[in-house]
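Structure, as structure tokens:
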Amino acid sequence: MSTIEIDKLFARQIYKPASKKTHKGIQGHALIIGGSYGKIGSVVLASKAALKSGCGLITAFIPKCGVDILQISFPEAMVTADENETVISNIDIQFEPNAIAIGVGLGTSHVTAIALEHFLQKNKNPLVIDADAINLISKNKNLLKFLPKNSVITPHKKELQRLLGTWKSDDEKIVKIQQISHDYQLIVVEKGSPTLIYYENKIFENTSGNEALATAGSGDSLTGIITGLIAQGYEPLAATQLGVYLHGLTADLVWENTSKEAFTASDIASFLGKAFLFLKEN
Ligand SMILES: NC(=O)C1=CN([C@@H]2O[C@H](COP(=O)(O)OP(=O)(O)OC[C@H]3O[C@@H](n4cnc5c(N)ncnc54)[C@H](O)[C@@H]3O)[C@@H](O)[C@H]2O)[C@@H](O)CC1
Ligand SMILES: Nc1ncnc2c1ncn2[C@@H]1O[C@H](COP(=O)(O)OP(=O)(O)O)[C@@H](O)[C@H]1O
Ligand SMILES: [Mg+2]
């Protein structure tokens with residue numbers, strides 16, 4: 001298997017600083033759909049990471065129980081509440097986002113499965129699909145055909161197995177990933193160590209990141225970063241490559257800030273600023 005490495009030079013060539021004349025209204029509006037009782041934190045993490053990736057506005061669509069949590073822990077975010085208290089039951093969006101993430105902390109209840117199906121049937125925006133949205137799609141593969149072209153799907157190994165079934169060898173896994181990527185025109189992010197990105201017949205291998213990322217919510221933060229980058233105008237593949245690299249960098253910069261043991265997903269958003277600065281340094 002020959003892969004293309006995503007290193008500093010590769011990421012720097014993708015990076016586009018915002019124009020001096022931009023404003024929040026044109027810098028991109030990201031929407032994060034997710035959360036359920038007890039897992040609102042995943043949406044907080046994704047929302048912070050999205051805004052800190054440089055988009056202009058962020059809205060979280062969450063069950064009612066999460067409204068105070070989100071508004072207090074992250075006042076920069078706007079919130080739209082589902083009519084249901086504990087889970088998402090009807091995804092009703094009254095604006096046109098530039099990018100949408102769906103799945104973090106969503107849960108897999110029946111009512112949410114139906115809400116996801118109705119949402120996918122009418123949605124036309126680029127999507128970043130993570131966590132329980134992957135799990136729900138894995139249970140109902142008919143939904144794959146509703147995913148817009150160039151949507152990004154970000155499974156860890158277990159989610160990938162739920163989506164594709166098991167494999168006996170690395171070669172078999174790659175064939176299965178490339179098949180689903182080709183059939184539904186998806187950008188597939190196989191998260192792990194290292195993280196691989198599959199698109200058309202190419203495989204990109206991320207070179208940043210380390211075991212500090214083996215901590216709750218680090219994938220939720222990656223979803224936010226990729227979504228924030230797409231919202232501000234990066235093409236989905238470029239956003240995924242840059243997002244995965246920046247996400248890993250936050251952990252590689254750990255020694256300047258904390259230790260691998262004490263690194264948590266909140267640090268990903270906190271260190272994202274340093275990751276962007278490192279990218280610009282010679
Ligand atoms: N603070 C929060 O609100 C958090 C919410 N979360 C949400 O919790 C829900 C469940 O997600 P989880 O991923 O925890 O549960 P899953 O059941 O999907 O995955 C956990 C299982 O996958 C295995 N696994 C994970 N990464 C692996 C890898 N790289 N290689 C091999 N096996 C691997 C684990 O050993 C475990 O058996 C999601 O909706 C997620 O977004 C989590 O992200 C944790 C933090
Ligand atoms: N040992 C490791 N080395 C590098 N990256 C890792 C390691 N462990 C986890 N990660 C990264 O952390 C993230 C974990 O995502 P995920 O399992 O979805 O977490 P969560 O669902 O808790 O947010 C992925 O981006 C993965 O690549
Ligand atoms: Mg996850």
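If you read the sequence from its start, that first residue is 1, and numbering goes on from there. Note that ligands are numbered from 1 as they come in the structure, with each ligand's atoms numbered from 1 the same way.
Leu242 pairs in a side-chain contact (heavy atoms from CB on, under 4.5 Å) with only one of the listed residues (Leu237, Ile226, Ile225, Leu279), which is Leu279. Tested against Phe119, the residues Asp92, Ile102, Asn90 include a single side-chain contact (heavy atoms from CB on, under 4.5 Å) partner, Ile102.
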Checklist line | Verdict with supporting geometry, Leu222 and Val244, side-chain contact (heavy atoms from CB on, under 4.5 Å) | finding: CA-CA 7 Å; Leu222 175 66; Val244 163; 4.0 Å; yes
Notebook entry, point to check: What's the verdict on side-chain contact (heavy atoms from CB on, under 4.5 Å) for Leu160 and Ile177, showing C-alpha distance, side-chain angles and the deciding distance?
Noted result: CA-CA 9 Å; Leu160 193 63; Ile177 296 176; 3.7 Å; yes
Notebook entry, point to check: Under the side-chain contact (heavy atoms from CB on, under 4.5 Å) criterion, do Val254 and Ser259 qualify, and how do the steps go?
Noted result: CA-CA 6 Å; Val254 76; Ser259 63; 5.8 Å; no
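Residue Ala216 has at least one heavy-atom neighbour below 4.0 Å for each of these atoms of ligand 2: 22 (O). Within the listing of ligand 2, atoms 8 (N), 9 (C) sit less than 4.0 angstrom from a heavy atom of Ala214. Within ligand 2, the atoms closer than 4.0 Å to a non-hydrogen atom of Thr195 are 27 (O), numbered from 1 in the order shown. Listed by number with element, the atoms of ligand 2 under 4.0 Å from a non-hydrogen atom of Ser218 are 12 (O), 13 (C), 14 (C), 23 (O).
Environment of CD in Glu235: sparse, with no more than 12 heavy atoms of neighbouring residues, nucleotides or ligands closer than 6.0 Å. Atom NZ of Lys122 is surrounded by more than 12 heavy atoms from other residues, nucleotides or ligands within 6.0 Å. Crowding of Glu5 atom CD: a count of heavy atoms from other residues, nucleotides or ligands under 6.0 Å not exceeding 12.
Atom 26 (C) of ligand 2 has Gly192 N, 3.8 Å as its closest protein atom, hydrogens excluded (heavy atom only). For atom 7 (C) of ligand 2, the closest heavy atom belonging to the protein is Asn210 O, 4.0 Å. Ranking protein heavy atoms by distance to atom 18 (O) of ligand 2, first place goes to Lys191 NZ, 2.7 Å. The closest protein non-hydrogen atom to atom 1 (N) of ligand 2 is Glu211 CA, 3.5 Å. Of the protein's non-hydrogen atoms, Asp220 OD1, 3.9 Å is the one closest to atom 21 (O) of ligand 2. Atom 25 (O) of ligand 2 has His247 CE1, 3.3 Å as its closest protein atom, hydrogens excluded (heavy atom only).
By the 4.0 Å N-to-carboxylate-O rule, Lys64 lies too far from Glu83 to be salt-bridged with it. In summary, Glu190 and Lys173 engage in a salt bridge, as defined by a charged side-chain N under 4.0 Å from a carboxylate O.
For ligand 2, the polar-atom distance check finds an N/O of Gly217 within less than 3.5 Å of one of the ligand's N/O atoms. No N or O atom of Gly209 sits closer than 3.5 Å to an N or O atom of ligand 2. Close N/O approach between Gly219 and ligand 2 is found [any backbone or side-chain N/O within under 3.5 Å]. For ligand 2, none of its N or O atoms has an N or O atom of Asp130 under 3.5 Å away.
At least one cation-pi condition fails for Lys8 and Tyr245: the charged atom is not both under 6.0 angstrom from the six-membered ring centre and inside a 45 degree cone around its axis. Relative to the ring axis of Tyr184, Lys145 does not place its NZ or CZ within 45° and under 6.0 Å from the centre.
Atom CD1 of Ile187 and atom OG1 of Thr154 lie 11.5 Å apart (nearest 0.5 Å).
Residue contacts with ligand 2, taken as heavy atom pairs separated by less than 4.0 Å, involve His156 solely via side-chain atoms from C-beta onward.
No heavy atom of Ala131 sits closer than 4.0 Å to any atom of ligand 2.
Ring geometry, His29 versus Phe95: the interplanar angle falls under 30°, so the pair is classed parallel (tilted spans 30 to 60°).
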Distances only, to 0.1 Å: what are the N or O pairs between ligand 1 and the protein that fall under 3.5 Å?
residue: ligand 1; atom: 3 (O); partner: Ser42; partner atom: N; Å: 3.0
residue: ligand 1; atom: 13 (O); partner: His156; partner atom: NE2; Å: 2.9
residue: ligand 1; atom: 17 (O); partner: Arg162; partner atom: NH2; Å: 3.0
residue: ligand 1; atom: 18 (O); partner: Arg162; partner atom: NH1; Å: 2.8
residue: ligand 1; atom: 19 (O); partner: His156; partner atom: NE2; Å: 3.2
residue: ligand 1; atom: 39 (O); partner: Gly105; partner atom: N; Å: 2.9
residue: ligand 1; atom: 39 (O); partner: Asp132; partner atom: OD2; Å: 2.6
residue: ligand 1; atom: 41 (O); partner: Gly105; partner atom: N; Å: 2.9
residue: ligand 1; atom: 41 (O); partner: Asp220; partner atom: OD1; Å: 3.1
residue: ligand 1; atom: 43 (O); partner: Asp220; partner atom: OD1; Å: 3.3
residue: ligand 1; atom: 43 (O); partner: Asp220; partner atom: OD2; Å: 2.8

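Checking Leu45, Asn206, Leu213 against atom 10 (N) of ligand 2, the nearest heavy atom belongs to Leu213.
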